[in-house]
Number of protein chains: 2
Amino acid sequence: MAKAKKGKEAALDLTTEEKIKNAALKVFTKKGFAAARTRDISEEAGINLALLNYYFRSKEKLFELVMTETLRGFIKGMLEILNDTETSIEEKVEIFVTRYSELLMQQPDLPLFIFHELKMNPEQLASKLGGEGLFKSYFIKQVKEAMDNGKLPRMHPLHFIMNMVGLTVFPFIGAPLLRHLSGVDAKTFNGLVEERKTLIPKWIKMMMKGK
Amino acid sequence: MAKAKKGKEAALDLTTEEKIKNAALKVFTKKGFAAARTRDISEEAGINLALLNYYFRSKEKLFELVMTETLRGFIKGMLEILNDTETSIEEKVEIFVTRYSELLMQQPDLPLFIFHELKMNPEQLASKLGGEGLFKSYFIKQVKEAMDNGKLPRMHPLHFIMNMVGLTVFPFIGAPLLRHLSGVDAKTFNGLVEERKTLIPKWIKMMMKGK
DNA sequence: TCAAAAATTAATCAAATGATTAAAAATATT
DNA sequence: AATATTTTTAATCATTTGATTAATTTTTGA
């Protein structure tokens with residue numbers, strides 16, 4: 001049986017399987033499923049092309065695996081924030097915005113990748129995803145309660161989610177166009193994203209004040 | 001020389017060239033450049049595959065053309081709104097949000113298509129795009145002036161654009177995920193987007209009230 | 001140490017796909 | 001009507017690319 005090298009030098013000494021998966025995520029994220037060639041992935045991983053199929057059977061299988069793991073991680077991280085019974089709505093927004101802003105500054109093309117592939121294959125990926133729990137999260141309870149108490153204007157909670165996620169994520173999705181139209185350089189753009197970590201929570205608070 | 005059929009039955013009696021371009025936009029939009037096959041396009045257009053190359057030389061050329069036209073139209077529409085000297089900031093936001101919400105309800109996968117392809121090929125497409133004028137638009141002048149007068153909190157105008165566009169467009173980009181996570185059906189989802197036509201302008205107004 | 005199992009490689013295959021070609025059909029020109 | 005030009009088609013080509021195979025190397029376990 002294939003034996004994983006023990007985690008001595010965790011970052012450097014990876015299993016072939018792990019090297020392939022890492023490379024796959026990188027290449028898929030950069031090029032999208034359709035444009036990514038298995039040869040790109042094997043090259044990025046520094047392994048022979050045949051090994052990819054040896055370990056994962058096919059490009060599709062590998063993609064599905066990587067994609068599912070990525071999405072699961074994404075949703076899990078979100079649920080961790082939203083299901084925290086110790087934090088208020090405002091705090092959850094703050095935590096979400098800062099955490100995901102920082103994540104996305106590391107991996108700026110993750111959102112576009114996820115949404116694009118999700119569009120290409122909605123049902124298949126959605127099926128093996130779970131995460132329907134998000135709308136049974138403690139956060140949603142808090143929002144509904146706040147609405148009952150007149151603290152928030154009554155509206156579909158999805159609006160709240162769309163606003164929070166949209167304001168945070170959209171700059172990364174629209175970056176090429178936004179930067180081209182506005183003429184700002186990468187450094188300035190990053191500065192703006194940085195600013196938004198504190199701005200978005202304030203904005204959301206304001207939006208949700210009035211009815 | 002190729003002769004365009006005169007525009008008698010404009011919608012039905014299209015030039016072969018036009019049929020191909022329409023089909024191309026449809027297929028590219030649905031599948032993305034990489035996954036779109038020239039055979040898909042020729043089939044969608046109801047013409048022989050060879051005609052595609054006869055008229056447009058290559059898949060790349062056809063794509064570039066269709067993409068450039070689409071983007072130009074998009075930007076042009078935006079500039080029309082933003083350069084109107086007769087409308088206030090608030091009115092511009094209203095007009096933008098309603099107009100583009102309606103457009104996107106007709107062509108929901110346009111944004112994801114545009115942003116994805118723009119990411120794949122930022123410089124090439126950006127180059128033949130123009131549209132840098134957006135940040136010299138009358139709208140930007142208005143925003144800066146409002147900031148000078150303390151009517152708006154001082155911040156980079158790009159924040160304003162990102163918020164307006166993001167709040168409007170993100171639901172369409174995130175639809176598959178958002179719908180899966182929230183469990184709302186397509187009808188409800190459309191209802192929410194409809195609501196947002198009036199909500200977003202209000203939200204923006206609120207966001208921009210505070211300092 | 002040695003044989004079995006697992007991992008890796010180079011070479012090759014087969015299907016998909018963008019593009020071309022040569023012939024046929026349709027249209028325009030005189 | 002006759003001919004030239006343009007448009008369209010079917011057939012084919014050449015390349016790309018995901019996948020397989022058979023041989024080789026490495027690792028494991030007795």
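Here is how names work: the chains are called A, B, and so on, in the same order as the sequence lines, proteins then strands, and each is numbered from 1.
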> State which of dT21(C), dA19(D), dT6(D) makes the closest approach to the side chain of Thr38(A).
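For Thr38(A), the side-chain atoms sit closest to dA19(D).
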> Do His159(B) and Glu195(A) get their side chains close enough for a donor-acceptor pair, meaning under 3.5 Å?
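A donor-acceptor contact under 3.5 Å links the two side chains.
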> Please report the distance, rounded to the nearest Å, between CZ in Arg39(A) and P in dA19(D).
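It works out to 11 Å between those atoms.
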> Rounded to the nearest 0.5 Å, how far does CZ of Arg196(A) lie from CG of Leu158(B)?
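That separation rounds to 8.0 Å.
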> Could you check how far CD of Glu60(B) sits from C1' of dT16(D), rounded to whole Å?
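Computing the Glu60(B):CD to dT16(D):C1' distance gives 13 Å.
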> In whole angstrom, give the distance that lies between atom NZ of Lys61(A) and atom P of dT20(D).
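Value for this atom pair: 9 Å.
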> Which one, dA19(D), dT9(D), dT20(C), comes nearest to the side chain of Asn48(B)?
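My answer, after comparing the listed nucleotides, is dT9(D).
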> What contact category does Leu49(A) fall into here, base, sugar-phosphate, or nothing, at under 4.0 angstrom with non-hydrogen atoms?
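Touches a base.
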> Expressed in angstrom and rounded to an integer, what is the separation of Asn53(A) atom CG from dC13(C) atom P?
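Interatomic distance, CG of Asn53(A) to P of dC13(C): 17 Å.
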> Please report the closest heavy-atom contact between Thr87(B) and Glu91(B), naming both atoms and the distance.
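Between these two residues, the closest heavy atoms are CA-OE1, 3.2 Å.
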> Give me the one residue out of Thr38(B), Leu25(B), Leu52(B) that meets side-chain contact (heavy atoms from CB on, under 4.5 Å) with Leu62(B).
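Testing each of Thr38(B), Leu25(B), Leu52(B) against Leu62(B), the sole residue satisfying side-chain contact (heavy atoms from CB on, under 4.5 Å) is Leu52(B).
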> What is the distance from CZ of Phe56(B) to C1' of dT7(D), rounded to the nearest Å?
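So the two atoms are 14 Å apart, to the nearest Å.
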> With a 4.0 Å cut-off on heavy atoms, is Ala36(A) in touch with a base, just the backbone sugar-phosphate, or nothing at all?
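Counting heavy atoms under 4.0 Å across all strands, the contact made by Ala36(A) is with sugar-phosphate only.
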> Look at the side chain of Thr16(B) and decide which nucleotide, out of dT21(C), dT17(C), dT8(D), has an atom nearest to it.
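Given the options dT21(C), dT17(C), dT8(D), the side chain of Thr16(B) is closest to dT8(D).
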> Name the orientation class of the two ring planes belonging to Phe28(B) and Phe113(B) (parallel below 30°, tilted from 30 to 60°, perpendicular beyond 60°).
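If you compare the ring of Phe28(B) with that of Phe113(B), the planes turn out parallel.
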> When the distance from CG of Leu51(B) to C1' of dT21(C) is rounded to whole Å, what number comes out?
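In whole Å, dT21(C) C1' lies 14 Å from Leu51(B) CG.
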> On DNA chain D, compare the nucleotides closest to Arg57(A) and Ala35(A); which residue's is nearer the 5' end?
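Taking each residue's closest nucleotide, the earlier one in sequence belongs to Ala35(A).
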> To the nearest Å, give me how far apart OH (Tyr55(B)) and P (dA19(C)) are.
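The distance from OH of Tyr55(B) to P of dA19(C) comes to 17 Å, rounded to the nearest Å.
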> Starting at atom NZ of Lys59(B), determine the distance to atom C1' of dT20(C), rounded to an integer number of angstrom.
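So the NZ-C1' distance, Lys59(B) to dT20(C), works out to 17 Å.
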